[in-house]
Chemist: 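Provided herewith is a single structure, encoded as C-alpha cells, for subsequent inquiry.
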2 protein chains.
Amino acid sequence: MSPASFYANVPRHLVAVDCIIFGFEDGKLKLLIIKRKVDPMEGAWSLVGGFVQEGESTDNAAIRVLRQTTGIQDIYMDQLQSYGDTDRDTGARVISIAYYALIRISEHDRLLANAHGAHWLSLHQIPELIFDHNKMLNDAMARLRDQAHFHPIGFELLPEKFTLPQLRNLYEEIYQRPLDKRNFRKKILAMDILEKLEEKDKSSSKKGAHLYRFDRLKYDALTQHGLVFEI
Amino acid sequence: MSPASFYANVPRHLVAVDCIIFGFEDGKLKLLIIKRKVDPMEGAWSLVGGFVQEGESTDNAAIRVLRQTTGIQDIYMDQLQSYGDTDRDTGARVISIAYYALIRISEHDRLLANAHGAHWLSLHQIPELIFDHNKMLNDAMARLRDQAHFHPIGFELLPEKFTLPQLRNLYEEIYQRPLDKRNFRKKILAMDILEKLEEKDKSSSKKGAHLYRFDRLKYDALTQHGLVFEI
DNA sequence: CCAAAAGTGTTGTGAGTACACCCATGC
DNA sequence: GCATGGGTGTACTCACAACACTTTTGG
C-alpha cells in the first residue's frame with residue numbers, strides 16, 4: 001500500500017477552535033464572549049472561535065482566532081480538550097478543540113475587545129451559549145481550579161503589580177469559597193516568590209495596601225530546588 | 001450569509017485517534033503497541049490508532065479503533081488531549097486526538113491482542129515510537145498519575161479480586177516510588193471502600209494474602225457524603 | 001525448621017485551620 | 001474621631017511519615 005493510498009479516501013472534517021477566555025476585574029472572574037455573526041444561531045452568545053486553516057497548527061489557530069476576533073494577543077493559553085460529538089454543531093459536523101486563556105483586563109484590551117464586538121461578562125451572569133459551549137466553560141472552570149491549585153497561573157489574571165487582598169480575592173473567586181486572610185498571607189509569603197514593593201495601592205482603602213510583584217525567575221529557581229507551589 | 005456558505009469553502013482535515021492503552025501484569029505497568037502496517041514508517045512501533053469516520057464521534061472512533069485493532073472492548077477510556085502540529089505526521093497533515101485507556105490484562109485479552117499483532121511492553125522497555133507518540137505516552141503517564149491520586153481508577157487495571165500487596169505494587173508502579181506497607185493499608189482501608197473476601201490468594205506467598213473487591217456502590221455513596229479518595 | 005511474604009501500632013512532626021485585635025488614613 | 005479596609009500571631013488538630021516485629025505455611 002503506498003502512502004498516497006493510505007491517506008487518500010479518508011474522510012476529512014471541519015475542525016474548529018473555541019477559546020474560553022477568563023479575565024479578572026472589579027474583584028470578579030469574567031468571561032469574554034461574543035454575539036455570533038453567522039447562521040445558524042446568529043445573534044446568540046458564543047465563545048470566540050473559528051476554523052483551523054490548512055497548514056496551520058491548532059495552537060496557532062487558537063492564537064489567530066483570538067487576535068482576529070478580539071485584538072488580544074500574547075497571553076497565557078493552553079489546550080483544554082477536544083469536543084467531537086457528531087451533532088454538537090447544528091450547522092455541520094465540526095470537531096472543536098477548546099483552548100482556555102487567562103488575560104489581564106486593561107483599558108487597552110477592553111477597547112480592543114469592544115471594537116470587535118466582544119463582551120466581558122461576570123461568570124455569574126453567563127447566558128445560554130450556543131452548542132456545547134456551556135459545557136466547555138464548565139470544563140474550563142474545573143481546569144482553572146485544578147491548575148490554580150498547584151501552578152502560579154493566578155498572576156496571569158492580575159496586573160503586574162497587585163496587592164495581597166487582590167490576590168486573595170482572585171483565589172476566592174476561582175475556588176468559590178472564602179479564604180482566611182492571615183493564613184493566605186502566611187502561605188503565599190512563605191513561598192518567597194513575591195517581591196514586596198515600596199508603593200501602596202490606595203484605591204480600595206484609606207490605609208492602602210502594599211503592592212507586590214510575582215518574581216518568576218525566583219519561582220523558577222526555587223521550583224528547581226523542590227518548591228511546590230500550592231494555594 | 002446562509003448556513004451553507006458559512007461552512008462551505010472551509011478547509012477540511014484528516015482527524016485521527018490514537019490510544020495509549022495501559023495494563024498491569026506481573027507487577028509491572030505495561031503499554032499496548034503495534035507494528036505499523038502502512039507507509040510511511042511501516043514496521044515501526046506505534047500506538048493503536050485510526051481515522052475518524054464520517055458521522056462518527058471521536059469517542060466512538062477511539063472505541064472502534066481499539067476494538068478493530070486489538071479485539072479489546074468495554075474498558076475505561078478517556079480523552080487525553082489533541083495534537084495539532086502541522087508536521088506531526090510525516091505522511092500527511094493529520095490532527096490526532098489521543099485517548100488513554102486502562103485495561104485488565106487477562107488471557108482473553110492477551111490472545112485477542114496477539115491475534116491482531118499487538119504487544120504488551122513494560123513501560124521501561126518502550127522503544128522509539130512513530131511521530132509524536134512518545135510525547136503522547138509521556139502526557140498520558142502524567143495524566144494517569146494525576147488521575148490515580150484522587151480517583152479510584154487503579155481498580156480498572158486489576159482483576160475484580162485483588163490483594164492489598166498487589167494494589168500497593170500497582171500504585172508504586174504508577175508513582176514510581178515505594179510506598180510504606182503499613183501506611184498504605186491504613187489509608188486505603190480507612191476509606192472503607194473495599195470488601196474483604198474470605199478467600200486468600202496464595203500465588204505469591206505461602207501465607208497467602210486476603211483478596212479484596214472494590215465496592216463501587218459504597219464508594220459512590222460515600223463520595224456523595226464528602227469522601228475524597230486519595231492515595 | 002526456615003525462608004518469604006503478609007499482616008499489625010505507635011510516635012513525632014509539620015501543615016492546615018480557626019480565630020480577634022490593632023493600625024493607618026481620608027473624610 | 002470614626003469608619004474602612006490592611007495587617008499581624010498563636011494554639012489546636014489531624015494527617016503523614018518513619019519505623020520493626022510477629023504470623024503463617026509450603027517446601
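Small disclaimer: the values here were computed from a predicted structure and weren't measured. In what follows, every chain begins at residue 1, and chains take the letters A, B, ... in the order their sequences are listed.
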Chemist: Over how many whole Å does the gap from B:Lys202 atom NZ to C:dG7 atom P extend?
Modeler: 12 Å
Chemist: Would you say the ring centers of B:Phe155 and B:Phe162 fall short of 6.0 Å from each other?
Modeler: yes
Chemist: Could you check whether A:Phe150 and A:Phe229 have their ring centres less than 6.0 Å apart?
Modeler: no
Chemist: Would you mind checking if B:Asp220 and B:Arg216 are paired as a salt bridge, meaning a charged N to carboxylate O distance below 4.0 Å?
Modeler: no
Chemist: Does B:Lys206 or B:Glu230 map to a spot on DNA chain D nearer the 5' end, using the closest nucleotide for each?
Modeler: B:Glu230
Chemist: Could you tell me if the ring centre of A:Trp45 sits under 6.0 Å from that of A:His119?
Modeler: yes
Chemist: Given atom CE of A:Met191 and atom C1' of C:dG16, what is their separation to the nearest angstrom?
Modeler: 14 Å
Chemist: Taking A:Arg110 first and then A:Glu25, would you say they form a salt bridge - that is, a charged N and a carboxylate O separated by under 4.0 Å?
Modeler: yes
Chemist: Does A:His210 place a side-chain N or O at less than 4.0 Å from the phosphate oxygens OP1/OP2 of D:dG6?
Modeler: no
Chemist: Could you state the atom-to-atom distance from NZ of B:Lys207 to C1' of C:dA6 in whole Å?
Modeler: 4 Å
Chemist: How long is the line joining CD1 of B:Ile231 and C1' of D:dA15, in whole Å?
Modeler: 13 Å
Chemist: Atom CD1 of B:Ile188 to atom C1' of D:dC16: distance rounded to whole Å?
Modeler: 16 Å
Chemist: Using a strict heavy-atom distance below 4.0 Å, which residues from residues 169-186 of chain B are in contact with DNA chain D?
Modeler: B:Asp180, B:Arg182, B:Asn183, B:Lys186
Chemist: Which part of the nucleic acid, if any, lies within reach of A:Ser204 when heavy atoms closer than 4.0 Å are counted: base, sugar-phosphate only, or nothing?
Modeler: sugar-phosphate
Chemist: Measure from the side chain of A:Ala209, starting at C-beta and using heavy atoms only, and say which of C:dA5, C:dA3, D:dG6 lies closest.
Modeler: D:dG6
Chemist: Could you tell me how far apart A:His149 (NE2) and C:dA15 (P) are, to the nearest whole angstrom?
Modeler: 15 Å
Chemist: Could you check whether A:Arg143 pairs with A:Asp139 (Lys NZ or Arg NE/NH1/NH2 to Asp/Glu carboxylate O, under 4.0 Å)?
Modeler: no
Chemist: Name the atoms and distances for all side-chain donor-acceptor pairs under 3.5 Å in residues 191-200 of chain A, with sequence neighbours left out.
Modeler:
residue, atom, partner, partner atom, Å
A:Glu195, OE1, A:Arg213, NE, 3.4
A:Glu199, OE2, A:Lys161, NZ, 2.8

Chemist: Mind calculating the distance between NZ (A:Lys196) and P (D:dG6) to the nearest angstrom?
Modeler: 14 Å
Chemist: Starting at atom NZ of A:Lys187, determine the distance to atom C1' of C:dA18, rounded to an integer number of angstrom.
Modeler: 15 Å
